[in-house]
Number of protein chains: 2
Amino acid sequence: MARPRKPLLSTERIVATAAALVDAEGVEAVSTRRLAAELGVSGPSLYNHFRTKDEILEAVADAVSARIDLSMFAEDDPRDWRTALHDWAVSYRAALADHPQVVPLLARGPGRRPAGLRVADAVFGAMVRAGWPPAQATSIGALMRYFVTGSALGSFARGFVDDEAAYDPADYPHLGQAHLLAERQRKVDEGAFETGLAALLDGLAVRYAAQVSQGSGDASGRGTETGAGGMGAGAAGTEAGGTGA
Amino acid sequence: MARPRKPLLSTERIVATAAALVDAEGVEAVSTRRLAAELGVSGPSLYNHFRTKDEILEAVADAVSARIDLSMFAEDDPRDWRTALHDWAVSYRAALADHPQVVPLLARGPGRRPAGLRVADAVFGAMVRAGWPPAQATSIGALMRYFVTGSALGSFARGFVDDEAAYDPADYPHLGQAHLLAERQRKVDEGAFETGLAALLDGLAVRYAAQVSQGSGDASGRGTETGAGGMGAGAAGTEAGGTGA
DNA sequence: ACCTGAACACCGTTCAAGT
DNA sequence: ACCTGAACACCGTTCAAGT
């Protein structure tokens, strides 16, 4: 059966199966042959739908980014910029926490993931509407992303997975304690995330206040450059697309 | 020549050569055979000094962590906690910027890198001495690490390397513009880092002030638990070692 | 103890061949 | 257009053999 009249594969099915494999066994478990077998197909078939294996993994990462809630940045959403950023960060972290095995894929850099660009665009637009100067709005999107992805990396990227493996219940009967340690670490990470997020938003609020008192930072926004953040001017549209999630 | 009377290899030489290879061509260029060839030796020889290839890469990552300046956390250093954190973050980022190809290795999680643990310990000790409650001191070390590693990831982990490759100077003669774009992105990332770092420290300063006014947060420190951060109590020593860089 | 070559069970990707 | 098997040039790691 060389070519079936109905295609056996689709990009969606490939990505979904790859994502499930990553979630279940980690990025390293994904080989073209293994993935193809899971799809009931031979290895080279994948190359009719993707140019490289890396492209498949990029699509898996993008699918996770696509699950980040962005409703707080909608024009008609009542949340103020600070609450919106907070809720977004929490949703962002939750999306990564749901797929810890995907986090290492983020380490390959922003890449060209479309969902990442959509995120950057949404944040940028909402911040500008709230009265932030464009250059500052760009910075805010980036620095929030830094913090959230960094926390995901530090918290659940292969960290406690290794730990659980290290505590072999065979010769270590107090497996309750291993659970306790993992739970404890989780609490530490969560506390650090919450403290850091609150501090970050407090710090931004200080800068925002300095801005409005000095410039003309009303809600119609987009206008006068204030000196407060000092990144120089920049065109709005291109600024937002600079880096993806 | 089965066994030379003087060993051809040493863990140091292996790590140094691996690090040079990573810096020059990236993590993906490191194969045991390639690395061994670079060392003038056959592939399996490496297994006399390391148990797996991953262990070698961990050592490379640890060598970078070891280059982070920690002098600001020394007991006799005059810098206050806020300045110390700032200078540390800048030095931390600089260490990663010097070895952008190493950044993806951090994505494998904190692991058991000794240099990372030393860093965590230094931050913790200095924060406690400055008057932060132990639980908060732990959070601060973690959240600062989140931000710095996240920024390294977002800024120079294979981001613009790909970009430069995309602009093939053969059919794109305005290579000056490609440089301009890369330079522009670098400025955006730097601005986001500086803004975020300042905001983070401002936010922590607010919490610190709330702490001393409410509890007894003098420089002798270590004492009374305040309710401000709310992570519950925890033994000092074990808290610090929780997560590495 | 420390190196070697041979071998095992894999890889990602290309390509001619089939329909 | 979309799948196949065969093939190429690799992998990480193990192991018996040498000194």
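Residue numbers start from 1 in every chain, and the chains themselves are labelled A, B, ... in the order their sequence lines are given, proteins ahead of strands. Computed over heavy atoms, backbone and side chain alike; hydrogens, waters and symmetry mates excluded.
- The existence of a salt bridge linking R186(B) and E183(B) is confirmed by a sub-4.0 Å separation between a basic side-chain nitrogen and an acidic carboxylate oxygen.
- With respect to R34(B) and E25(B), a salt bridge is recorded, a charged nitrogen being found less than 4.0 Å from a carboxylate O.
- If you check every strand for non-hydrogen atoms under 4.0 Å, R5(B) touches nothing.
- Summarising the geometry, atom CG belonging to L96(B) is positioned 13.0 Å from atom CD belonging to Q101(B); distances are rounded to the nearest 0.5 Å.
- Atoms OH and CG, on Y146(A) and L200(A) in that order, are 12.5 Å from each other to the nearest 0.5 Å.
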> What's the verdict on side chain to side chain donor-acceptor pair (under 3.5 Å) for T52(A) and D54(A), showing C-alpha distance, side-chain angles and the deciding distance?
Replying inline: CA-CA 5 Å; T52(A) 62; D54(A) 260 23; 5.7 Å; no
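- For F193(B) and F147(B), the distance between ring centers is under 6.0 angstrom.
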> In dot-bracket form, how is DNA chain D paired, counting a Watson-Crick or G-U wobble pair only if both its distances are under 3.5 Å and using | for bases paired to another strand?
Replying inline: ||.|||||...|||||.||
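- Atom P of nucleotide dC3(C) and atom NZ of K6(B) are separated by 11 Å, given to the nearest angstrom.
- Separating the CZ atom in R13(A) from the CG atom in L8(A) is a distance of 7.5 Å, to the nearest 0.5 Å.
- Summary of the strand contacts: L9(B) and R33(B) both lie near DNA chain C, and taking for each the nucleotide with the nearest heavy atom, the more 5' one is attributed to L9(B).
- Contacts between residues 15-31 of chain B and DNA chain D, counted as heavy-atom distances below 4.0 Å, involve V30(B), S31(B).
- Rounded to whole Å, atom P of dC3(C) lies 8 Å from atom CD1 of I14(B).
- For residues 38-51 of chain B, proximity to DNA chain D is found at P44(B), Y47(B), defined as any non-hydrogen atom under 4.0 angstrom from a strand atom.
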